[in-house]
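Structure record follows, encoded as structure tokens.
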Amino acid sequence: DAVLHLLLLLADPSRRFLLAPEDDAVDSVITEMCAAPAADYPIETLMRRTAMSAPKLTSLFRRRTGLPPHAYLMTCRITQAKASLLESRRMVSEIARQLGFPTSQYFATQFKRETGMTPRDWRRQNQLKRQGEST
């Protein structure tokens, strides 16, 4: 019963005072990655910003997101790519470049790893779904 109460307290955003300062530092990085996924986030920079060693940073990052920093950034980039693919007619290579991928091929590989399909196939399939829903 006490454990359940503690978990409920931790889950309540109004109880942020229960989190350690390092959690706030990691949360800040997580928020920034989601807001600006095209930026570069080398581990050395993240270590300086959070004042943590790489193992501690990675451990806390995994605890907060379920993923290490680079994998989480990739998820943020793919999420933004999906939105761009649906909301614009921009070329896949342009979307890849704007999201910080070094090449469109690397973007396509990462996108397929995450979604199971190429960016073009994903766009086509989801635009068809969207059209079907609007009729």
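Every heavy atom of this structure was used, including side-chain atoms; hydrogens, water molecules and symmetry mates were not. Keep in mind it's a predicted model, so treat the numbers as computed, not measured.
Counting heavy atoms from C-beta outward, S104 and E94 have side chains that stay 4.5 Å or more apart. Here the side chains of V92 and L85 are in contact, with some heavy-atom distance below 4.5 Å. I95 is not listed as a side-chain neighbour of K82, based on a closest heavy-atom distance of 4.5 Å or more. Residues K112 and M117 have side chains not in contact (no heavy-atom distance under 4.5 Å, counting atoms from C-beta outward).
Listed here is the closest heavy atom pair of T50 and L46: OG1-O, 2.8 Å. Scanning all heavy atoms of the two residues, the minimum distance from F61 to P68 falls at CD2-C, 3.9 Å.
Hydrophobic clustering, with ILVMFWY side chains joined whenever heavy atoms are under 4.5 angstrom apart, groups Y72 together with M47. When hydrophobic clusters are built by joining Ile, Leu, Val, Met, Phe, Trp and Tyr residues whose side-chain heavy atoms come closer than 4.5 Å, directly or via intermediates, M91 is not grouped with L99.
For F107, the ring pair (Phe, Tyr, Trp, His ring centres under 6.0 Å) criterion is met by F101, F111, not counting sequence neighbours. When the side-chain hydrogen bond (donor to acceptor under 3.5 Å, both in side chains) test is applied to R124, the partners found at least two apart in sequence or on another chain are D121.
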*Does the side-chain contact (heavy atoms from CB on, under 4.5 Å) test come out yes or no for R49 and V29, once each step is laid out?*
CA-CA 8 Å; R49 283 187 52 197; V29 171; 4.1 Å; yes
*asked:* Between M52 and V26, is the side-chain contact (heavy atoms from CB on, under 4.5 Å) condition met? List the steps.
replied: CA-CA 10 Å; M52 292 180 214; V26 171; 3.7 Å; yes
*List the steps and the verdict of side-chain contact (heavy atoms from CB on, under 4.5 Å) for D23 and R64.*
CA-CA 8 Å; D23 288 321; R64 305 296 283 166; 3.9 Å; yes
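In this structure, the side chain of S88 engages the main chain of S84 through a donor-acceptor pair within 3.5 Å. Between the side chain of S28 and the main chain of D24, no donor-acceptor pair closer than 3.5 Å is present.
The CZ atom of R77 sits 9.0 Å away from atom CE of M33, with the distance rounded to the nearest 0.5 Å. Expressed to the nearest 0.5 Å, how far CH2 of W122 lies from OG1 of T115 amounts to 8.0 Å. To the nearest 0.5 Å, atoms OG1 (T75) and CD (E114) are separated by 4.0 Å.
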In residues 36-43, what donor-acceptor pairs under 3.5 Å come from side-chain atoms, sequence neighbours left out?
residue	atom	partner	partner atom	Å
Y41	OH	E32	O	3.3
Y41	OH	A36	O	2.8

